[in-house]
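The model shown is predicted, which means the values in this text are computed figures rather than measured ones. Every chain is numbered from 1 and lettered A, B, ... according to where its sequence line falls, protein lines coming before strand lines.
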Protein chains: 2
Amino acid sequence: MPTYGQFCPVAKTSELLCERWMPLVLRELMCGSARFGEIQRGVPLISPGLLTKRLRQLVLAGVAERTANGRDITYALTPAGWELYPIIEAMGVWGQRWARSRYGVDELDPSLLMWDMRRMLVPAGLAERPTVVEFRIRGGPPRKTRYWLVVEENAIDLCLVDPQRDVDLCVEAELRALTEVWMGDRTMAEAVADGTISLLGPPGLASRFPVWLGCHPVLGGVPSAVPT
Amino acid sequence: MPTYGQFCPVAKTSELLCERWMPLVLRELMCGSARFGEIQRGVPLISPGLLTKRLRQLVLAGVAERTANGRDITYALTPAGWELYPIIEAMGVWGQRWARSRYGVDELDPSLLMWDMRRMLVPAGLAERPTVVEFRIRGGPPRKTRYWLVVEENAIDLCLVDPQRDVDLCVEAELRALTEVWMGDRTMAEAVADGTISLLGPPGLASRFPVWLGCHPVLGGVPSAVPT
DNA sequence: CTGCATCCACTTTGATACTG
DNA sequence: CAGTATCAAAGTGGATGCAG
C-alpha cells in the first residue's frame with residue numbers, strides 16, 4: 001500500500017480511503033452487508049482478489065473486524081469504521097448534486113438496482129403478511145428483465161427466477177425510470193404519470209409501494225445542483 | 001481515468017476524488033494555493049506530470065478553473081469544487097481522530113510544516129508592523145534547520161536563507177514537538193514547559209505567538225480518539 | 001524559474017480460472 | 001461460499017527535456 005509521506009490527517013485518511021473500490025466496499029458495509037458475497041453483489045465489478053485485499057486492509061487499519069464462526073465468515077465495522085460514515089455520506093451528497101448528469105447506459109444495471117432496493121426494504125419493515133412483488137424491466141439487458149422480491153415477516157429475498165408464488169404487485173418499469181426514481185431524481189408519481197413505470201395490483205398495495213421503496217440510503221433526498 | 005460503472009453517487013464521487021493525490025491537491029486549493037508551484041509545495045512528493053494530470057482532471061470535472069493571464073496561470077475552485085470541502089474536512093477529522101498514532105520519521109518534514117504554517121498566518125493577519133520570526137528546528141534533516149517568516153503588512157514570506165533582518169522572535173523547537181503542536185496533538189504551553197520548544201524574544205511577542213500560529217486549517221481542534 | 005510533455009521501470013488492477 | 005492463483009493491461013513514479 002502506497003503512502004503519501006505527509007503528517008497531514010487528510011493524507012492519512014486518503015491512504016486508507018482513496019484506493020480503488022474502497023469507498024464502495026465501505027458503503028456496502030455501512031448499508032448492512034456483512035458477508036464477502038453480499039459485498040460483492042453490491043460492488044459486482046470488483047475482482048474477488050481485490051476485494052479480499054481491501055477487506056484485509058480495512059481490518060488492518062482497525063476499521064473493520066473479521067469474525068469466523070466455523071465456515072461462516074462475516075465482516076463488521078468497528079467504531080473507527082462507523083466514523084467514516086460522514087465521509088461516505090458527504091461523497092454521496094456531492095455525487096447526487098454534481099455528478100448525476102445522465103447515467104450512462106453501461107451504468108444502468110438492473111441487478112445492482114434490485115439488490116440496492118432489496119437492501120433498503122429490510123429496514124423499512126415492509127409487510128405484515130408475505131408479499132410478492134414482481135418486477136418487469138424494459139430497456140435493459142435481455143437477460144435481466146424479471147425479478148421477484150419475496151417479502152416475509154423476517155426475511156426478504158430477491159429472486160432471479162420465478163418463485164412460483166402468487167404475485168401481489170407487478171411493477172413494469174423502464175430501467176432508466178426506475179433507476180431515476182430510486183436515486184431521487186424523479187418521483188414515482190411522475191414516472192407513473194408518463195407511463196415509464198406502471199404499478200399493477202390492488203390500489204392499496206400500489207399506493208404504498210413508493211413508500212416502501214423509499215430511496216437510496218445515503219441520500220436523504222438531496223437535490224441536484226445541475227439543471228436536468 | 002477508470003470508472004466504477006455504477007450509478008451510485010458515491011461511485012461517481014469516488015471516480016474523481018479517490019485517485020492518488022487528489023484529496024491533497026484539493027486540500028491545497030481549499031487552503032488558498034492557486035499556482036502550480038504553490039500546490040506542489042504543499043504536496044511535494046507528487047511528480048509534476050501527475051500534478052498536471054490531476055489539475056486537468058479537476059478542470060474537466062468542473063471542479064476547478066484554470067485562468068491564464070499572460071504567463072500567469074492560476075487555478076481556483078468552482079462552486080462544485082467548494083462543495084467538496086465537507087468531504088475533505090471529514091477526512092481531516094477522521095485522520096486526526098484515528099490515524100495520528102505517531103507520525104513516522106519520514107513524514108516529519110520541516111519544509112512542509114513551515115509552508116503549512118505560513119499559509120495559516122495569512123488569514124490570521126499577524127502584525128501591524130514588520131516582524132521577523134526565526135525558526136531553528138532540531139531533530140530533522142540537517143539541511144532543513146533554519147527558516148524565517150517575514151511578516152509585513154500585506155505579505156508574508158517564508159525564507160530558506162537568512163533575510164539579513166533583525167529577528168524579533170526566535171522559535172527553537174524539536175521538529176516532532178512543533179509538528180504535534182501544529183497538528184493540535186499538544187499545546188504550545190506543554191511543549192514550552194518540557195523544553196522541546198523555546199520562544200526567545202520579547203514576552204509580549206512570545207505570548208502572542210501561539211495565537212498567531214493557530215493550528216491546522218481543516219482541523220478545528222479535533223480531539224484524538226486513540227490514547228496517546 | 002514555472003508549467004508542462006515524454007519516456008521507461010515499476011506497481012496495481014482486471015479478468016478468469018481454480019480450490020477447500 | 002470465500003476466497004487463491006495467474007497473467008495481461010493499465011496506472012504511477014521519477015527522470016529528463018523544453019519553451020516562455
What is the distance, rounded to the nearest whole Å, between atom [atom1] of [X] and atom [atom2] of [N]?
X: A/Ile73; N: C/dG20; atom1: CD1; atom2: P; value: 16 Å
X: B/Asp72; N: C/dC1; atom1: CG; atom2: P; value: 17 Å
X: A/Arg71; N: D/dG3; atom1: CZ; atom2: C1'; value: 13 Å
X: B/Leu50; N: D/dT16; atom1: CG; atom2: P; value: 18 Å
X: A/Arg41; N: D/dG3; atom1: CZ; atom2: P; value: 16 Å
X: A/Glu19; N: D/dA10; atom1: CD; atom2: C1'; value: 16 Å
X: B/Leu51; N: C/dG3; atom1: CG; atom2: P; value: 9 Å
X: B/Ile46; N: D/dT12; atom1: CD1; atom2: C1'; value: 10 Å

So does [X] get a side-chain nitrogen or oxygen closer than 4.0 Å to the phosphate oxygens (OP1/OP2) of [N]?
X: A/Arg56; N: D/dG3; answer: no
X: B/Lys53; N: C/dC4; answer: no
X: A/Trp21; N: C/dG14; answer: yes
X: B/Arg20; N: C/dT13; answer: no
X: B/Tyr75; N: C/dT2; answer: no

Is it true that A/Arg119 and A/Glu28 have a side-chain N and a carboxylate O under 4.0 angstrom from each other? yes
N-O pairing of B/Glu89 and B/Arg27 below 4.0 Å: no
Got a sec: does the CG of A/Asp166 have more than 12 other heavy atoms crowding it under 6.0 Å? no
Distance only, no hydrogens: is a donor on one side chain within 3.5 Å (strictly under) of an acceptor on the other, for B/Tyr75 and B/Thr67? no
Test item: side-chain donor near acceptor, B/Gln57 and B/Glu19, under 3.5 Å: yes
Taking the nucleotide of DNA chain D with the closest heavy atom to each, which residue, A/Ser47 or A/Thr74, is nearer the 5' end? A/Thr74
Report the nucleotide, chosen from D/dG13, C/dG14, D/dT12, that has the shortest atom-to-atom distance to any side-chain atom of B/Arg54. D/dT12
Base, sugar-phosphate, or nothing for A/Gly37, non-hydrogen atoms under 4.0 angstrom? sugar-phosphate
